[in-house]
Amino acid sequence: CGSNQDSLQIWTSEDPVADFDINTTQGCHPLTITTDTTINSSIGTYTWELWNVGNNTLDSTVITNGVSTPVFTLNNTSFNNDSLYVIQLMVGDPNGCDSIITSDTITVFHNPDAQFTLSDTALCAPNTITVNDNSITGDVITWIWSTNPINTNINDSIANTTTIDFNDNQSGISDLYDIQLIITDSRGCQDSITHNVELYTRPISIFSIDSILCGPDSISPINTSLYATGSTDYIWNIISPTSGWNINNINDSIPVFSFDENIGPDSINYIIELQSITDNGCTDITTDTVTIFPTPIVDFTVIDSIGCGPFTVDFSNISIPQNNEDTSSMNFWWIIDGDTIGYNSTFQHTFDTIIGDTICYSVTLIGQTEHGCIDSASMTICVIPDPIAQLNVDSIPMYCAPLQIDTLGIQAIPYINAQPNDSISWQVINSSGITVATATGLNCPSHVITDQNDYIWIVITATNICGSNQDSLQIWTSEDPV
């Protein structure tokens, strides 16, 4: 019958082509990888896979119908070890054929972990803190320190440990600073961290006080300080000298300062210190000076303080103003018994003649320095009257002889302010003119008139520096009857 044939042709299809590029094979966490298929890559089903080589795990899968160029973010949460990744692309066609390509290994560098400590996070201005890096890394790192605001002084901004100086703050409110550390490893991977520092305000100590005084004296300052909010908000002190003063309460806003008299020879400068304190314990200190000038030494002399009127007295002013100043810089007032008589440094005055008892006058010299410091001196000037001789009787009756005259009660009247009693002398003179008895004092000397119809004279003489004065009395005996 012959032969017959049938045939069938079988083809294999051309395999699809998988081909792509990536933007980089290494970088810091997080690393963004962009893919780009080449012109060689076929059209088909694209299956992208991201593999973590270190732990052999599939991190993510992207499947698209048609050409795609996904972007992958590769992470590394370690602070000291790198992570390795590969990206795999499989392109498949409707016939079930496929092509697979794997990227080069991608290294995701570990980032350092920025950490640091501060010696203080809240402090009074001005002040300094120390910052110390304790970052974590598996690589070599560099440091950059900065602050915000920038008005600080960083001793070494690229050292692992440094100090930061903060400026003064007397604004009444705290200044807030951000302290930032940026660390960078040898591959350029960075991390940063910021801590806050509160810089407390300081108060402002302000006061005024009288600067020139004469002691002893007490004064209070005028306190105009700001921002003193502490439970103890003020502390007053006198830092020099250490004695000669007192403060009634060192914590009062307006205390009372008491200063002793300065007896010289020079002025004394007292350094007054005010420390103001906030509720955070921040302080400010200011000082002022009070000068206590010495009390002058006021004195005067006379040649004689007792004399007979009219009594002219030259007063010699020997006052000393002290403080290396001249007496001519002083003011003077001469006062006699309350009446101001003279105003010059030199002074002369005539005291009138008096009758009767001695009169003593109080003479006072008041001296004042150019700083207003005052002293005074006083003495008594006595004007003596003429002496006074006076018997207590003007006459004596006649008595029979013999007559004892010291029994007749005859005495000298005392004028103690004119002359002392012992300045009175007695003479008994008989009728022949002969002194027969003498004495001193107030009492009549003893004598007997023996004859009848006879007499004696009693003479007293009072004497002082102004002269003498006499009084006399004649005493008779009667003639006996016959």
Side-chain angles (χ1 to χ4, degrees), residues 12-116 133-146 148 157-158 160 178 180-195:
T12 57
S13 60
E14 184 177 5
D15 287 341
V17 177
D19 193 22
F20 70 96
D21 293 326
I22 57 177
N23 61 322
T24 185
T25 58
Q26 64 182 15
C28 301
H29 162 83
L31 178 61
T32 299
I33 299 295
T34 60
T35 60
D36 185 14
T37 56
T38 69
I39 60 175
N40 298 323
S41 191
S42 303
I43 297 175
T45 300
Y46 277 58
T47 301
W48 297 88
E49 292 180 340
L50 175 64
W51 286 87
N52 188 321
V53 177
N55 54 23
N56 195 29
T57 58
L58 178 64
D59 273 14
S60 62
T61 301
V62 178
I63 300 175
T64 61
N65 291 319
V67 177
S68 61
T69 56
V71 176
F72 294 95
T73 300
L74 282 59
N75 296 306
N76 181 1
T77 57
S78 173
F79 298 126
N80 42 33
N81 294 308
D82 297 340
S83 294
L84 302 178
Y85 289 87
V86 292
I87 296 175
Q88 181 177 280
L89 171 61
M90 181 176 67
V91 178
D93 61 14
N95 299 318
C97 299
D98 57 41
S99 175
I100 298 174
I101 188 172
T102 302
S103 69
D104 293 335
T105 299
I106 303 170
T107 302
V108 181
F109 302 136
H110 66 273
N111 280 358
D113 180 28
Q115 297 182 22
F116 70 92
D133 169 67
N134 58 0
S135 300
I136 300 173
T137 183
D139 197 11
V140 178
I141 60 173
T142 58
W143 306 268
I144 297 178
W145 300 92
S146 63
N148 182 30
S157 63
I158 58 174
N160 66 329
D178 293 330
Q180 184 183 59
L181 170 63
I182 300 175
I183 58 174
T184 305
D185 66 17
S186 63
R187 287 87 58 92
C189 300
Q190 290 185 337
D191 191 29
S192 65
I193 188 171
T194 299
H195 290 304

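Values reported hereafter were calculated over all heavy atoms of this structure, with side chains retained and with hydrogens, waters and symmetry mates removed.
- A donor-acceptor contact shorter than 3.5 Å is absent between the side chain of D93 and the backbone of G44.
- Judged by distance alone, the side chains of Y46 and S41 do bring a donor and an acceptor atom under 3.5 Å apart.
- Residues H195 and L181 fail the side-chain proximity criterion, which asks for heavy atoms closer than 4.5 Å.
- Considering every non-hydrogen atom in both G188 and C28, the closest pair reads C-SG, 3.9 Å.
- A donor-acceptor pair is defined here as one N or O able to donate and one able to accept, closer than 3.5 Å; such a pair exists between the side chain of S135 and the backbone of Q115.
- Of all heavy-atom pairs spanning L31 and T107, the tightest one is CD2-O, 4.0 Å.
- Going from atom OG1 of T57 over to atom CG of L50 covers 8.5 Å, rounded to the nearest 0.5 Å.
- The CG atom of D36 sits 11.5 Å away from the CD1 atom of I22 when rounded to the nearest 0.5 Å.
- L74 CG to I33 CD1: the interatomic distance, rounded to the nearest 0.5 Å, is 5.5 Å.
- Within the structure, no pair that satisfies the ring-ring contact (aromatic ring centres under 6.0 Å, His included) test touches residues 56-106, not counting sequence neighbours.
- Between T194 and D178, the shortest heavy-atom contact is CG2-CB, 3.6 Å.
- Within 6.0 Å of CG in L58 there are more than 12 heavy atoms belonging to other residues, nucleotides or ligands.
- Every residue two or more places apart in sequence or in another chain that forms a ring pair (Phe, Tyr, Trp, His ring centres under 6.0 Å) with W145 is listed here: F116.
- No donor-acceptor contact under 3.5 angstrom links the side chains of N76 and S78, judged on distance only.
- For the atom pair CD1 (I141) and SG (C189), the distance works out to 12.0 Å, reported to the nearest 0.5 Å.
- Using a 4.5 Å heavy-atom threshold, the side chains of T34 and T69 count as separate.
- Screening D185, T142, I182 against Q190 for a side chain to side chain contact (heavy atoms under 4.5 Å, CB included) leaves a single residue, I182.
- Residues P16 and D98 approach most closely at CG-CA, 3.7 Å, considering heavy atoms.
- Here the CD1 atom belonging to I193 is positioned 7.0 Å from the CG atom belonging to D113, to the nearest 0.5 angstrom.
- Put simply, the side chain of T24 gets close to the backbone of Q26: a donor and an acceptor are under 3.5 Å apart.
- Between the S103 side chain and the I87 main chain, a donor and an acceptor come within less than 3.5 Å of each other.
- Checking D139 against S186 by side-chain atom types alone, a donor-acceptor pair falls below 3.5 Å.
- The two residues A18 and V91 have their closest heavy-atom pair at CB-CG2, 3.5 Å.
- In this structure, CG on N160 lies 11.5 Å from CD1 on I183, to the nearest 0.5 angstrom.
- Side chain of N52 to main chain of D59: no donor-acceptor pair is present (N/O by atom type, distance under 3.5 Å, no hydrogens or angles).
- The shortest heavy-atom contact between T64 and S68 is OG1-OG, 2.8 Å.
- Within the structure, every pair that satisfies the ring-ring contact (aromatic ring centres under 6.0 Å, His included) test and touches residues 12-38, not counting sequence neighbours, is listed here: F20-W48.
- Counted within 6.0 Å of CD1 on I43, heavy atoms from surrounding residues, nucleotides or ligands total 12 or fewer; the atom is thus considered open.
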- Task: Decide yes or no on side chain to side chain contact (heavy atoms under 4.5 Å, CB included) for V108 and N75, but give the supporting numbers first.
- Result: CA-CA 7 Å; V108 181; N75 296 306; over 6 Å; no
